[in-house]
Each structure stands twice: as C-alpha cells, then as structure tokens.
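Each remark here refers to the structure printed beneath this line.
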Number of protein chains: 2
Amino acid sequence: MDNQKAIVTSLKAFKEPALQEALLTHGQILHFQKGDTIVKIGQYVRFLPIVLKGSIRVFQQKEDREFSLYYVREGETCTMSLAAAYFNNKSVSHGVVMEPTELLIFPANFLTEWQLQFPSWNQYIIAMFRRRYDELINNFEGVVFEHMPVRIMEYLRRRVITDESRILNLSHQTIANELGTTRVVVSRILKQFEKEKKLKLLRGQIEIK
Amino acid sequence: MDNQKAIVTSLKAFKEPALQEALLTHGQILHFQKGDTIVKIGQYVRFLPIVLKGSIRVFQQKEDREFSLYYVREGETCTMSLAAAYFNNKSVSHGVVMEPTELLIFPANFLTEWQLQFPSWNQYIIAMFRRRYDELINNFEGVVFEHMPVRIMEYLRRRVITDESRILNLSHQTIANELGTTRVVVSRILKQFEKEKKLKLLRGQIEIK
DNA sequence: ATTAAACGGTATCAAAAGATACAAAACAGG
DNA sequence: CCTGTTTTGTATCTTTTGATACCGTTTAAT
C-alpha cells in the first residue's frame with residue numbers, strides 16, 4: 001500500500017492532500033499487457049483511467065486500416081474517455097496498450113464531485129483537453145495538406161525525438177497503421193528514402209541519418 | 001441592460017441564478033460582421049467567447065487551400081488553444097465569423113473559477129470539449145478513410161439537415177474550402193452526381209434529391 | 001451600359017495512392 | 001534443422017486527385 005501511495009503522490013499535478021487521498025481510496029491500480037484493449041468503439045465508458053506507467057494508443061479503425069489519434073502517456077488521462085464517461089456515453093475510438101502498462105482507474109461519478117472540490121483537478125482536466133486538441137490539430141494538418149512521403153518522414157523524425165535514438169524499432173506495417181495507409185505504400189516510400197540516403201532499412205528497424 | 005439580461009438568461013445551459021448573474025456582470029457583448037477574424041494563431045485564447053447569435057468558422061489554411069475544423073454555434077463556446085499551428089507555421093488556424101455574430105466575452109480565468117462553484121458550468125464546459133472532439137474525430141474519419149465523392153455527399157447531406165432544406169446555397173469553391181480540396185475537383189464530382197440524378201446543379205445552388 | 005469579378009464546365013496531362021500478387025529473407029519455436 | 005510466420009521488396013495495373021488552362025455565363029459594381 002505504501003508502494004501504491006508513492007505512485008499516486010508522484011502524480012504531481014494533484015496538489016490537495018484530500019484529492020490525493022481520494023485518488024488512493026477510490027482508485028484501483030490495474031496492470032495490462034501489450035495488446036490489451038482498454039476501450040472499444042461503441043462501448044460505454046464508466047471509468048476514468050490515469051496512466052501511471054506505459055502508454056495507451058488511441059486510434060480509429062475501418063476495415064483493415066488503422067489511424068492513430070494520439071497516445072496517452074505517463075501522468076496523463078484519456079480525454080475521450082473523460083468526455084464519454086461524464087455523460088455516460090459510448091466511446092468513439094479504440095484504446096489499446098502498446099507496452100506493459102499500469103493504470104489508476106476510478107468510477108466516472110467522482111468526476112463531477114472532484115470538479116466542485118479541487119482546483120488542481122480542474123486544471124488537470126483542462127490541460128489534458130488542450131494537449132489532446134493540439135495533438136489532433138497537428139495530425140490534421142498532416143493528413144489534409146501533406147503527401148505520404150512528408151508525413152512518413154515527419155513521423156520518423158518525431159519518433160527519433162521521443163525515443164531518443166536514431167535507430168527506430170518498428171515495422172513498415174506499424175507505420176502504415178499510424179498514418180492510415182497500407183504497408184506497400186510505406187515500403188515503397190521508405191525504399192525511395194533509402195536511395196536518397198536519408199535512412200537505412202533493416203528488418204524491423206530503421207536508422208535515420 | 002434588460003435586453004442584455006434577456007439574452008444571457010436565454011442560455012438555458014446555465015441553471016444557477018448566481019451564475020447567470022456572474023455572466024452578466026463580467027461578460028461583455030461584442031458584435032462582429034461577416035469576415036471579421038475572432039482568433040488567429042499564436043497563443044492560448046485568453047478570453048472566453050460564448051456565441052449568442054451567429055457562428056464562428058474555425059479552419060486551417062495552407063497556401064491557397066482551406067479546411068474547416070468545426071463551427072462554433074449559438075450557445076456554444078470554444079476554449080481551445082490554437083497554439084499547435086504556431087509551432088510549425090506551415091498552416092494557420094483561423095476563427096472567422098461567417099455572418100453577423102454576437103459574442104459574450106469574458107476573461108479566461110473565470111473558466112476555472114466557476115468550475116468550483118457551478119455544476120452546470122462544469123457540465124457545459126465538458127460538453128463543449130466533447131462536441132469539438134466529436135466533430136474533429138468525425139472529420140478525421142472522413143479525411144483518412146473516405147474518398148472525395150463520399151466526403152462531398154456526406155457534407156451535402158449534413159447541410160440539408162442543418163439548413164432544413166434540400167436546396168443549399170453554396171458555391172463549389174465553398175465546398176472545396178470546407179473539405180480541403182480544389183474547386184475543379186468539386187465541380188467534377190458534383191457533375192458526376194448530377195448525371196447519376198443524385199442532385200441538380202444551379203448557379204450558387206445545389207438541390208439534393 | 002460597360003466592365004470586372006465570381007462561378008461553373010471541361011479537357012488534358014501528371015502525380016499520388018491504392019489494390020493485388022508473388023517471392024525472398026529473416027526469425028521464432030519446437 | 002524444419003516449418004510456419006513475419007517482414008520486406010517489387011512489379012503491374014487502376015483509381016483518385018491534383019495542376020493548368022481556357023471559355024462561357026451570370027452577377028455585381030460603377
């Protein structure tokens with residue numbers, strides 16, 4: 001339990017001791033494995049998750065295509081869930097865990113309660129909404145105005161930054177699922193990049209130059 | 001002032017008399033004309049606008065292309081940041097009035113302040129976030145997964161519903177700007193629709209069948 | 001009435017992306 | 001080592017979208 005406490009108080013966004021207490025009392029820590037689904041499209045959302053460790057990939061799907069909307073990372077919560085849970089609505093996208101992940105989960109009804117009690121909770125919620133919005137808009141730009149080669153290169157460069165490594169471990173299919181296209185298209189464009197000496201291709205790995 | 005009061009209390013979302021009072025005291029009513037810019041890129045919006053009459057079109061622009069993100073309509077607010085576009089100045093987000101519009105405006109700090117006092121304010125804010133998200137996600141789906149003919153037809157059908165008329169007054173260029181493509185493409189596809197008897201084209205007017 | 005601007009139709013050519021199919025290489029597990 | 005799976009390379013053909021250009025018609029403005 002002390003372990004639990006340490007984890008929760010590490011969420012520095014929550015300043016009020018009473019809020020920390022509430023998170024501890026009513027929250028439940030759950031563990032998930034790579035590939036586990038947190039929310040599905042059409043499912044009612046009755047809980048709110050905060051990511052303690054790992055991340056959740058939120059994406060849309062149509063037939064065999066996928067498209068990433070954003071990732072929920074450590075210390076963050078999923079605003080889509082939040083908006084859905086607040087009004088007891090259905091989720092409009094998928095949320096899936098991409099690595100071993102630890103979530104703090106509590107019932108949706110605390111949402112309204114805490115909003116009236118804790119300023120730092122409110123700030124947290126608003127900040128989350130804004131962050132997601134920015135990510136979404138950023139993605140939008142790419143999809144609407146840029147062609148595939150540009151989008152792929154931008155994706156790779158972003159990954160280099162977040163992964164802190166010029167060597168990225170990802171398959172062509174993964175990139176296709178991020179950007180809403182197909183593997184063949186990705187392979188074709190990556191090959192072109194390689195010819196232009198912009199990167200080096202290995203199996204399951206790309207080295208950006 | 002009585003006029004003002006009537007307007008504000010017409011915002012039925014706000015149930016608490018004290019909140020209505022606060023809206024009146026701290027809010028300022030401003031009028032805008034077609035074409036006026038409400039927000040451009042740059043920072044978080046430091047003020048909070050509620051649309052009393054009219055609407056705001058929020059869109060992105062890159063070179064000579066435009067793309068609508070969503071509309072802020074009567075009774076709605078837009079608390080979002082337009083910061084995303086600021087960092088990679090490839091495209092620019094705009095909030096522009098499309099018809100004579102009346103806004104109730106206050107300093108942004110009331111956003112969180114009222115959250116602690118008024119449940120109906122909380123509900124309103126979250127509902128707004130959710131609506132924006134839904135619109136964004138909806139648009140996303142279209143752009144990523146659907147081809148132009150589908151997107152155009154869906155746009156027209158939505159307009160038929162919101163306008164409450166099968167006869168839509170809009171130019172091909174306007175449609176192009178909504179969807180992020182060009183006039184020629186729109187004309188071509190509309191012509192095809194007309195051949196298929198799905199609609200009838202007139203100058204500045206489309207009749208959906 | 002004359003001119004300018006907005007709107008729409010259409011043709012041609014190029015580029016981008018999608019669909020399909022097949023094969024080789026690398027890998028994982030037994 | 002053998003076998004099934006995953007990953008990647010690549011060729012071919014089609015569809016979709018974009019870019020440009022030019023023209024006729026309608027509407028608005030002076």
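Since the structure is predicted, the reported quantities are computational estimates derived from the model, not experimental observations. Residue numbering restarts at 1 for every chain, and letters A, B, ... go by the order of the sequence lines.
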Is B/Arg157 paired with B/Glu154 through a side-chain N to carboxylate O contact shorter than 4.0 Å?
no
Basic-acidic side-chain contact under 4.0 Å: A/Glu178, A/Arg159:
no
Within the structure shown, what part of the strands sits under 4.0 Å from A/Ile206 by heavy-atom distance: base, sugar-phosphate, or nothing?
nothing
Under 4.0 Å between any heavy atoms, over every strand shown, what does B/Arg65 touch: base, sugar-phosphate, or nothing? Just pick one.
sugar-phosphate
Counting distance alone, no hydrogens or angles: does the base of D/dT8 have a donor or acceptor under 3.5 Å from a partner atom on the side chain of A/Arg203?
no
To the nearest Å, give me how far apart [atom1] ([X]) and [atom2] ([N]) are.
| X | N | atom1 | atom2 | result |
| --- | --- | --- | --- | --- |
| B/Arg151 | D/dT16 | CZ | C1' | 13 Å |
| A/Glu207 | D/dT8 | CD | C1' | 18 Å |
| A/Phe145 | D/dA19 | CZ | P | 12 Å |
| A/Gln173 | D/dT5 | CD | P | 17 Å |
| A/Glu63 | C/dT20 | CD | P | 11 Å |
| A/Arg188 | C/dA21 | CZ | P | 16 Å |
| A/Leu190 | C/dA16 | CG | P | 16 Å |
| B/Leu168 | C/dC7 | CG | C1' | 17 Å |

Please pick, from [options], the nucleotide with the shortest atom-to-atom distance to any side-chain atom of [X].
| X | options | result |
| --- | --- | --- |
| A/Thr182 | C/dA19, D/dT8, C/dA17 | C/dA19 |
| A/Arg183 | D/dT27, C/dG9, D/dT10 | D/dT10 |
| B/Ser171 | C/dC7, C/dA17, C/dA21 | C/dC7 |
| B/Val185 | D/dT17, C/dT10, C/dG18 | D/dT17 |

Would you check if the side chain of A/Thr37 reaches a backbone N or O of A/Val96 as a donor-acceptor pair within less than 3.5 Å?
no
Is there a side-chain polar atom (N or O) of B/Thr181 under 4.0 Å from OP1 or OP2 of D/dG18?
yes
Within the structure, does a side-chain N or O atom of B/His172 lie under 4.0 Å from either OP1 or OP2 of C/dG9?
yes
Distance-only polar pair, side chains of A/Thr162 and A/Arg158, donor-acceptor under 3.5 Å
no
Just checking, is any N or O donor in the side chain of B/Gln173 or B/Asn177 under 3.5 Å from an acceptor N or O on the other one?
yes
